[in-house]
Engineer: 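Just passing along the structure, written as structure tokens.
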Amino acid sequence: QVQLVESGGGLVQAGNSLTLSCAASGRTFSSYRMGWFRQAPGKEREYGADINWSGSSTSYADSVKGRFTISRNNAKNTVYLQINSLKPEDSAVYYCAAYDTRRGKYDYWGQGTQVTVSS
């Protein structure tokens, strides 16, 4: 059982930067991969980035590569997503998720944090 809580969203002007946080608690598994996803109104949820808990490997969607940076602070059990050069199309609810290696999928999700980018 893993509980995830996102924070850091808000209303931001295009071109600015924003850092989102995802705090994990009650982790049962010794290791798992963490991912960031987003979902805009009327659109399907899309993948943004992921990182293994040790931080030794990261991956990014082509659409955000170069603007998104995923990182972690294991001492705080927290994963971060830094977004640079924000665009209006970045407006969405951003979710973090934990990958369950036993099930082979992202099984644990946070409630999301809203990011709204004004043009």
Side-chain angles (χ1 to χ4, degrees):
Q1 176 69 275
V2 178
Q3 292 181 309
L4 306 173
V5 180
E6 302 96 334
S7 62
L11 177 61
V12 188
Q13 290 188 339
N16 289 347
S17 298
L18 191 66
T19 299
L20 308 180
S21 299
C22 174
S25 63
R27 186 174 69 169
T28 302
F29 310 108
S30 59
S31 63
Y32 52 88
R33 179 173 295 275
M34 299 293 297
W36 281 100
F37 299 77
R38 66 185 183 184
Q39 186 170 26
K43 296 184 178 180
E44 65 181 14
R45 183 178 298 172
E46 65 175 338
Y47 163 84
D50 68 277
I51 185 172
N52 67 329
W53 190 242
S54 69
S56 61
S57 67
T58 59
S59 297
Y60 299 92
D62 289 339
S63 60
V64 303
K65 189 173 298 183
R67 297 194 301 115
F68 281 27
T69 301
I70 188 170
S71 61
R72 86 286 177 258
N73 186 326
N74 287 343
K76 296 183 178 181
N77 289 321
T78 303
V79 178
Y80 306 93
L81 181 67
Q82 179 180 317
I83 311 175
N84 296 327
S85 301
L86 280 160
K87 305 175 181 179
E89 51 263 43
D90 291 324
S91 297
V93 177
Y94 283 72
Y95 299 90
C96 67
Y99 187 84
D100 190 330
T101 57
R102 296 182 303 175
R103 292 191 172 193
K105 63 179 182 178
Y106 287 96
D107 242 11
Y108 309 101
W109 298 80
Q111 79 285 354
T113 184
Q114 177 72 50
V115 174
T116 303
V117 184
S118 61
S119 60

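These numbers come from the heavy atoms of this one structure, side chains and all, not from hydrogens, waters or symmetry mates. It should be emphasised that the depicted structure is a prediction, and the values quoted were computed from it without experimental measurement.
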Engineer: Do the side chains of Asp100 and Lys105 get nearer than 4.5 Å, heavy atoms only?
Structural biologist: no

Engineer: Quick one: does Asn16's side chain have a donor or acceptor within less than 3.5 Å of a partner on Leu86's backbone?
Structural biologist: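 Judged by distance alone, no pair lies under 3.5 Å.
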
Engineer: Do Ile51 and Val79 touch side chain to side chain, with heavy atoms closer than 4.5 Å?
Structural biologist: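 Yes, close enough: below the 4.5 Å cut-off.
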
Engineer: Nearest 0.5 Å please: distance from the SG atom of Cys96 over to the CD1 atom of Ile70.
Structural biologist: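 With rounding to 0.5 Å, SG (Cys96) is 9.0 Å from CD1 (Ile70).
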
Engineer: Mark yes or no for whether Thr113, through its side chain, and Gly9, through its backbone, hold a donor-acceptor pair below 3.5 Å.
Structural biologist: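 Checking the backbone N and O of Gly9 against the side chain of Thr113, a donor-acceptor pair under 3.5 Å is found.
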
Engineer: Taking the six-membered ring of Tyr95 as reference, does the cationic atom of Arg45 (NZ for Lys, CZ for Arg) lie under 6.0 Å from its centre and within 45° of its axis?
Structural biologist: yes

Engineer: When hydrophobic residues are tied together by side-chain contacts of less than 4.5 Å, even through go-betweens, does Tyr60 share a cluster with Leu18?
Structural biologist: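 Yes.
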
Engineer: Kindly indicate whether the side chain of Thr69, heavy atoms from C-beta on, has any atom under 4.5 Å from the side chain of Leu81.
Structural biologist: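 Sidechains of Leu81 and Thr69: no contact.
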
Engineer: Answer with yes or no after comparing the ring centroid distance for Phe37 and Tyr47 against a 6.0 Å cut-off, counting only values under it.
Structural biologist: yes

Engineer: What are the two closest non-hydrogen atoms of Thr78 and Ser21, and how far apart are they?
Structural biologist: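 Answer, listing the atom of Thr78 first, then Ser21: CG2-CB, 4.2 Å.
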
Engineer: Please report the interatomic distance CD(Gln3) to CD(Gln111), rounded to the nearest 0.5 Å.
Structural biologist: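 Between atom CD of Gln3 and atom CD of Gln111 there are 10.5 Å.
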
Engineer: Please determine whether a side-chain nitrogen of the Lys or Arg among Arg102 and Asp107 lies less than 4.0 Å from a carboxylate oxygen of the Asp or Glu.
Structural biologist: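 No, Arg102 and Asp107 are not salt-bridged.
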
Engineer: Are the side chain of Asn74 and the backbone N or O of Asn77 linked by a donor-acceptor pair below 3.5 Å?
Structural biologist: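 Pair absent, no side-chain N/O of Asn74 close to backbone of Asn77.
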
Engineer: Is a donor on one side and an acceptor on the other found under 3.5 Å between the side chain of Ser56 and the backbone of Ser54?
Structural biologist: no

Engineer: Less than 4.5 Å apart, side chain to side chain, heavy atoms only: is that true for Val2 and Met34?
Structural biologist: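 Not touching, per the 4.5 Å side-chain cut-off.
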
Engineer: Ignoring hydrogens and geometry, is there a side-chain-to-backbone donor-acceptor pair from Arg67 to Asn84 under 3.5 Å?
Structural biologist: yes

Engineer: Give a yes or no answer on whether the side chain of Arg72 reaches the backbone of Tyr80 with a donor-acceptor pair at less than 3.5 Å.
Structural biologist: no

Engineer: With rounding to the nearest 0.5 Å, note down the distance linking CD in Glu6 to CD in Gln114.
Structural biologist: 12.0 Å

Engineer: Taking the side chain as every heavy atom from C-beta outward, state whether Glu46 and Gln39 have any pair of such atoms under 4.5 Å apart.
Structural biologist: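 Answer no - side chains too far apart.
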
Engineer: Any donor and acceptor pair, going by atom type alone, linking the side chain of Gln13 with main-chain N or O of Ser119 inside 3.5 Å?
Structural biologist: no

Engineer: OG of Ser7 to OH of Tyr94: how many Å apart, nearest 0.5 Å?
Structural biologist: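 Answer for the OG-OH pair, Ser7 versus Tyr94, is 15.0 Å.
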
Engineer: Could you walk me through whether Tyr99 and Asn52 pass the side-chain contact (heavy atoms from CB on, under 4.5 Å) test, one step at a time?
Structural biologist: CA-CA 9 Å; Tyr99 187 84; Asn52 67 329; over 6 Å; no

Engineer: May I ask whether Val5 and Leu20 are part of the same hydrophobic cluster, defined by side-chain heavy atoms of I, L, V, M, F, W, Y residues being less than 4.5 angstrom apart, directly or through others?
Structural biologist: no

Engineer: May I ask you to test the Leu4-Trp109 pair for a side-chain heavy-atom distance under 4.5 Å?
Structural biologist: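 SC-SC contact between Leu4 and Trp109 ruled out.
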
Engineer: In plain terms, say whether Asp62 and Lys65 are close enough for a salt bridge, that is, a side-chain N and a carboxylate O under 4.0 Å apart.
Structural biologist: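 Looking at Lys65 together with Asp62, the answer is yes, because their closest N to O distance falls below 4.0 Å.
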
Engineer: Within this structure, what is the OG1-CZ distance for the pair Thr58 and Arg33, rounded to the nearest 0.5 Å?
Structural biologist: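 Nearest 0.5 Å value for the OG1-CZ distance: 8.5 Å.
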
Engineer: Would you name the heavy atoms of Ala40 and Ser91 that are closest together and state the gap between them?
Structural biologist: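 For Ala40 and Ser91, the tightest heavy-atom pair comes out as CB-O, 3.7 Å.
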
